[in-house]
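Notes to accompany the following structure.
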Amino acid sequence: MPRPDRSLRTRALLVLAVIAAALTIALTVPVRLGLDLSGGTQIMLETRPTPTTGISREATDRTVEVLRGRIDALGLAEPTLVRSGDHRILVELPGVQDPVKAAEVLGRTAQLTVHAVLGQAPATDATDAAGPAADPDAERVLPDETGQLLRLKAADLRGDDVKGADARFDRQSGAGWHITVDFTDAGSIRWAKATAEAACHPAGDPQRRIAIVLDDKIISSPRIDPAIACGAGIGGGTTQITGSFDDAEARELALLISGGALPVPVEIVEQRVIGATLGDEAITAAAWAAGIGTVLTALFVIAVYRLMGLLAAVALACYGLISYAALAALGATLTLPGLAGFVLTIGMAVDANVLVFERAREDFAVRGRPTARSALTAGFRGALSAIADSNITTLIAAGLLFAFASGPVRGFGVTLGIGVLASMSSALLITRVCAEYAARSPFVHGRPGLTGIADTGWVRDRLMRRTPHLMRHPRRWLAVSAALLLVTGSGIAVRGLDLGIEFTGGRLIEYTTSRPVDPDRARTALSEAGFPRALVQPSGEHRLTVRTQALTNTEAATVAETIGRLGGKAEPIRDELIGPALGEELRRNALIALGLALAAQLAYLAVRFRWRFATAAVGALAHDVLILVGVFAWLGKPVDAVFMAALLTVIGYSVNDSVVLFDRIRELLARDRTTPLARSTNRAILQTLPRTVNTGMGAALVLTALAVLADDALTDFALALLIGLAVGTYSSVFTAAPAAIALHPSRPTLPDRQGRADARQGAPARLR
C-alpha cells in the first residue's frame with residue numbers, strides 16, 4: 001500500500017480529533033430537551049407601559065429578575081427565564097403540567113403599591129372596585145380580604161421601595177407564622193411616615209390600617225399595632241405582618257410582596273402546556289424514524305455506490321455524532337421540530353456524498369481517468385462549488401427561521417443549521433479521508449468495480465443510450481408548470497387557508513380520552529355548551545384536538561367536561577394559548593421571513609450566477625411555495641408555524657437542485673460558448689439527473705419514515721417536506737431551466753471557417 005502523503009495524514013488526524021471531541025461531548029454533556037419533549041409549561045409575557053414608565057430593554061431586564069425570584073420561590077426544577085426582544089419574556093417551567101398556580105403568580109402583573117386607608121366606602125362605590133385598573137397616584141376603592149370596601153389614599157410606597165419579604169415561624173412567642181418585610185432606605189422613610197400618620201387614629205378605626213395592593217387587589221391590610229404611638233411610626237427599615245396565617249398562606253403572601261415589585265406590568269400573550277407522555281411518545285417515534293430512515297438511506301447508498309457507499313454510511317454515522325455533540329456543546333434546546341430537523345438533515349447529508357461520487361463516476365467511467373483515486377480527487381474538486389452553493393442557500397433558510405420564528409420552530413432552525421454544517425464536514429473531510437485511504441489500497445486498486453464509481457450507473461446508462469432532448473420546447477414545460485400552479489393555487493381561493501392559532505390567536509387543547517370520540521358529536525356538544533366556533537379534529541385513536549377562541553381556565557374546564565362526557569375521562573396533553581396581537585405579529589413575521597428568503601436566494605444566486613439564472617431559480621421557488629400552500633389548502637391541513645418551518649426548508653432544499661444544475665450549465669458554457677443555451681441546458685440536465693434521483697431517494701426514505709412512524713404532530717410536517725421534495729425536483733428541471741432559457745436572449749452563432757456552428761444548429765455548411 002503506498003505511503004499516504006502529508007496532506008492526507010493531516011486530514012486523517014483532524015478527523016480523529018473531531019470524532020474524539022464529539023464522542024467526549026456526547027458522553028459527558030446532555031442535550032437539553034424542549035418542553036414539547038420533556039413536558040411542562042411555556043409562557044410568553046409581554047411588558048406593558050404605564051403612565052410613568054415606558055417600555056425599554058432595561059425595564060424588561062429588571063422584570064426578568066423579579067419574575068425569577070417569583071419562580072424560584074415556587075420551588076420548580078430548572079426554570080428558564082430569558083428576555084425575547086425588547087419587551088417579551090419567555091418563561092419555561094419543566095414538569096409543570098397544571099400551570100394555573102404558576103400563571104396566577106406570574107399574572108399578578110401590576111406594580112406593588114402601599115396605601116393609607118381613608119375609611120370604609122359605601123356599597124354604592126362597589127362598581128368602582130370592579131372597574132378597570134385605577135391610577136395608583138389617585139384615590140381608589142377596593143375590597144379588602146373579607147370583601148369590605150375600603151377607600152384608599154394615593155400610593156405612599158411602590159414595589160421598588162420593598163427590598164424583600166420572608167415568611168417566618170416564631171416558636172418562642174407562640175405567634176406562629178408571620179411575614180417580615182424589609183424596605184430600602186427611601187422606602188423605610190416613606191413607611192415610617194405612612195405608619196406614623198395611621199397610628200394617630202384610634203384602635204379599631206379603618207384609618208389605622210395600611211393596604212398592600214397588587215394587581216388591583218388588596219393582598220393584605222394589617223392594622224398598626226396599638227403600641228405604636230401617634231407620629232412615631234415604624235422605623236428601622238423593617239416591619240412584621242402578623243395574623244392567623246398557616247405556612248402556605250404566609251409563604252404566598254411573602255412571595256407576592258417580595259416578587260411584586262415589577263418595574264412594568266406584564267401580560268400573558270402565549271402559553272403552551274405539553275404533557276410528558278406526549279413528549280415521550282414523540283421522542284420514541286422520532287428515534288424510530290431516525291433509525292429506520294438512516295438504515296434505509298445507508299442501504300440505498302451502499303447498493304448504488306458499493307464500497308464508496310459503505311464509507312459514506314460510516315461518515316453518515318459520524319455526522320450524527322457530530323451533530324448531537326454540537327447541539328450539546330452549544331447548549332441548544334432540542335425541540336420536537338428540531339428533532340424532525342435532525343432526522344431531515346440525515347437525508348440532506350447524503351447529497352454532498354452523491355455529488356462527489358457522481359462527479360467521480362463521470363471522470364472515471366466516462367472521461368477515462370486512469371485510477372479511482374484520481375477520479376475521486378477530481379470528483380471532490382469538481383463538486384466543491386455545487387456543495388458550497390447548495391448548503392449556503394439552506395443556511396440562509398435556517399438563519400431566517402432562527403431570526404423570525406419563535407419557540408420550537410426556532411429550535412428547528414438551529415438544528416437545521418447545525419446539520420448542514422455537520423454534513424459538509426462529514427462529506428468533505430470524513431468521507432474524503434476514508435475514500436482516499438481505500439482507493440490507495442492495492443486490493444481496491446486492482447478491483448475498480450468494487451469502488452462503485454467504475455461504472456456509470458443505471459440512470460446514466462439509460463440517459464446516455466437515449467439522450468432525450470428535454471429542452472427542445474422549453475415554453476411547453478412552462479405552460480405545464482403554469483397549469484399545475486393554477487390547479488393547486490385555486491385551492492387557496494376555493495377552500496381558503498386553515499391558519500393555525502399561531503397566526504390567528506386563540507387556544508388549542510389536545511385531549512386524550514379513554515374511548516374514541518366522534519369529532520362531529522364533539523363539535524355539536526361544544527356548540528351546545530356555548531362554543532359554536534370550536535374546531536374539532538381527531539389526532540389519533542384516543543386523541544382529540546379542540547381549537548377555538550381564547551378561553552379562560554373556567555371555559556377550558558367546561559370544554560374538558562364536555563369532551564369527557566363523550567369519551568370518558570378527558571385529560572389535556574397539550575394546551576396552547578396565543579394572544580391575538582402576538583398572532584398578528586407572527587403572521588407578519590412569517591410573511592417577512594418568506595419574502596426575505598426569496599430575496600436572499602435571489603441576491604446570492606445573482607452573485608454566484610447570472611441574474612437571469614437567479615431570476616429563474618427564484619421564480620421556481622415561488623412556484624414551489626404556491627403549489628405547496630395550495631395542496632395544503634385543498635387537503636384542509638393547518639398552515640401553522642411548523643408548516644412555515646417546512647416551507648422555508650423547502651425553499652432552501654429545492655434550490656439545491658437548481659444550484660447544482662446551473663453550476664453544471666455554467667461549467668459547460670465556459671467550455672463551449674457557441675453551443676445554444678437550450679442544448680447546453682439539456683446536456684446539464686442529463687448529466688446531473690443521476691445525482692438528483694439518488695439524492696431525492698435518500699431524502700425521501702428518511703421523510704417517509706418520519707411521516708409514517710413519527711408522532712401526529714410531525715405528520716403534516718413530513719408531508720409538507722415530501723410534497724416540497726417532489727415539486728422542487730420537478731421545478732428545478734422543468735421550471736427553472738426553461739425559465740432561464742426563455743429569459744436568455746438568443747445569441748448569434750459565431751461560425752468558424754468549416755461551418756461547424758451551422759452544422760451544430762442543423763443548417764447546411766456553406767462553401768466559399
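Computed from a predicted model, the values in this text were never measured in an experiment. Count residues from 1 along the sequence.
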For this session: Apply the test side-chain contact (heavy atoms from CB on, under 4.5 Å) to residues Val631 and Ile627: give CA-CA distance (whole Å), side-chain angles for both, the deciding distance (0.1 Å), then the verdict.
Result: CA-CA 6 Å; Val631 169; Ile627 286 181; 4.2 Å; yes

Exercise. Heavy atoms, side chains only, cut-off 4.5 Å: are Pro638 and Leu499 in contact?
Worked result: no

For this session: Dump the intermediate steps for side-chain contact (heavy atoms from CB on, under 4.5 Å) on Leu628 and Val727, then the final yes or no.
Result: CA-CA 8 Å; Leu628 183 54; Val727 175; over 6 Å; no

Problem set entry | side-chain contact (heavy atoms from CB on, under 4.5 Å) between Ile563 and Leu544, intermediate numbers included | CA-CA 9 Å; Ile563 298 297; Leu544 208 65; 3.8 Å; yes

Problem set entry | side-chain contact (heavy atoms from CB on, under 4.5 Å) partners of Thr545, counting only residues at least two apart | Leu508, Glu510, Ser539

For this session: To the nearest 0.5 Å, tell me how far Leu566 CG sits from Arg521 CZ.
Result: 5.0 Å

Exercise. Taking all atoms of both residues into account, what is the closest heavy-atom pair of Ser527 and Pro532, and its distance?
Worked result: OG-CA, 3.8 Å

Exercise. Arg495: what forms a side-chain contact (heavy atoms from CB on, under 4.5 Å) with it, not counting sequence neighbours?
Worked result: Trp634

Problem set entry | Set of ring pair (Phe, Tyr, Trp, His ring centres under 6.0 Å) partners for Phe632, sequence neighbours left out | Phe643

Exercise. Of all residues at least two apart in sequence or in a different chain, which pass the side-chain contact (heavy atoms from CB on, under 4.5 Å) check with Phe531?
Worked result: Leu526, Ala529, Ala534, Gln549, Leu551, Glu555, Thr558, Val559

Problem set entry | pair Leu719-Leu635: side-chain heavy atoms closer than 4.5 Å | yes

Exercise. Would you call Arg88 and Met44 a side-chain contact if the rule is heavy atoms closer than 4.5 Å?
Worked result: yes

Exercise. Can you name the salt bridge (charged side-chain N to carboxylate O under 4.0 Å, His left out) partners of Asp520, sequence neighbours left out?
Worked result: Arg523

Exercise. At their closest point, which heavy atom of Ile418 faces which heavy atom of Ser323, and how far apart are they?
Worked result: CG2-O, 4.0 Å

Exercise. How long is the gap from CD1 on Ile509 to CZ on Arg547, to the nearest 0.5 Å?
Worked result: 13.0 Å

Problem set entry | Contact summary for Thr488 and Leu485, nearest pair of heavy atoms | OG1-O, 3.4 Å

Problem set entry | Arg565 side chain reached by Val517 side chain, heavy atoms, under 4.5 Å | no

Problem set entry | From CG (Leu721) to CG (Leu647), nearest 0.5 Å | 9.5 Å

For this session: Could you tell me which non-hydrogen atom of Ala560 sits nearest to which non-hydrogen atom of Ala570, and how far apart they are?
Result: O-CB, 3.8 Å

Exercise. side-chain contact (heavy atoms from CB on, under 4.5 Å) with Ile218: which residues, sequence neighbours excluded?
Worked result: Leu142, Asp144, Glu145, Leu150, Leu152, Ala211, Val213, Ser221

Problem set entry | pair Asp498-Val639: side-chain heavy atoms closer than 4.5 Å | no

